[in-house]
Amino acid sequence: LGLRSLVSSHTVHTSSQEDLIFSRGGVKIAKVSPTLAVKYGGDVHIIEAKTLDFVATHTSIPMCRRYTYAAYTHTVGRLNSAMRSIRQSTVRHSTYIFMEYVEGNTLDREWSSLGDAARSMVMEELGGYLAQLRGIPSIPVVHTTSGGAYIGSLENGPVMDCTLEY
């Protein structure tokens, strides 16, 4: 049995509120077992899972293990009593990324309790991670008119950062 069959979308959506680690807009992260978390929602995209794999392959940045991902399309409809048929009203897309759950606090929660020396060490470590990411060579794109490198997501996709939408 694969991971997808063990944890269904119904299980994820019916998990208790206390299992919800993060929720904003169309993105939710829930702890589904002591060692497993799932990121899901309409604003979660498969390219995120592929990006985790890409970064793990091309850098030494520590990351949680990504197990699998799945995308589903949900059709929400209404029964038309006169026609006795279901009229499609909306189509929703949800992506689920299953990953290792790592116990701990986030840096934004711990930052105020850190001393100057600890903060400097954290900033130096994060700076090293950024340097590794910036050191990944751009992939030339054949279809650019300037012949330059494409700036976007993997597989020549668009930038998928929802913070840029506001």
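A quick note: this is a predicted structure, and the numbers were derived from the prediction, not measured. In what follows, every heavy atom counts, from backbone to side chain, and hydrogens, waters and symmetry copies are set aside.
- Defined by atom type and a distance below 3.5 Å, a donor-acceptor pair is missing between the side-chain atoms of Glu100 and Thr35.
- For the atom pair Lys39 NZ and Thr95 OG1, the distance stands at 10.5 Å (nearest 0.5 Å).
- Glu110 contributes no side-chain N or O that, together with a main-chain N or O of Leu107, makes up a donor-acceptor pair within less than 3.5 Å.
- A heavy-atom distance below 4.5 Å is found between the side chains of Ile21 and Tyr101.
- Thr106 pairs by the side chain to side chain donor-acceptor pair (under 3.5 Å) definition with Asp108, not counting sequence neighbours.
- Applying the side chain to side chain donor-acceptor pair (under 3.5 Å) criterion to Glu125, with sequence neighbours excluded, gives Tyr129.
- Sorted by first and then second residue, the salt bridge (Lys or Arg N to Asp or Glu O under 4.0 Å) pairs with a member in residues 49-66 read Lys50-Glu155, Asp53-Arg66; sequence neighbours excluded.
- Residues meeting the side chain to side chain donor-acceptor pair (under 3.5 Å) test with Ser23, sequence neighbours left out: Lys28.
- Across Phe22, Tyr96, Phe98, Tyr69, a single residue satisfies ring-ring contact (aromatic ring centres under 6.0 Å, His included) together with Tyr40, and that is Tyr96.
- Rounded to the nearest 0.5 angstrom, Glu48 CD and Asp43 CG are separated by 9.0 Å.
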Side-chain atoms of residues 115-122: list all donor-acceptor pairs with protein atoms under 3.5 Å, sequence neighbours left out, distances to 0.1 Å.
unit_1, atom_1, unit_2, atom_2, d
Arg119, NE, Trp111, O, 3.2
Arg119, NE, Leu114, O, 3.4
Arg119, NH2, Trp111, O, 2.9
Ser120, OG, Asp116, O, 3.1

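- Not a single side chain to side chain donor-acceptor pair (under 3.5 Å) links Ser112 to another residue, sequence neighbours left out.
- Clustering ILVMFWY residues whenever any of their side-chain heavy atoms sit less than 4.5 angstrom apart, transitively, puts Ile61 in a cluster other than the one holding Val102.
- Side chain of Thr59 to backbone of Ala56: no donor-acceptor contact under 3.5 angstrom is found.
- Residues Met99 and Cys64 approach most closely at SD-SG, 3.7 Å, considering heavy atoms.
- Partner of Ile97 under the side chain to side chain contact (heavy atoms under 4.5 Å, CB included) criterion, chosen from Ile46, Val44, Ile29, Val38: Val44.
- Scored by the salt bridge (Lys or Arg N to Asp or Glu O under 4.0 Å) test, Glu103 finds Lys31 as partners (sequence neighbours excluded).
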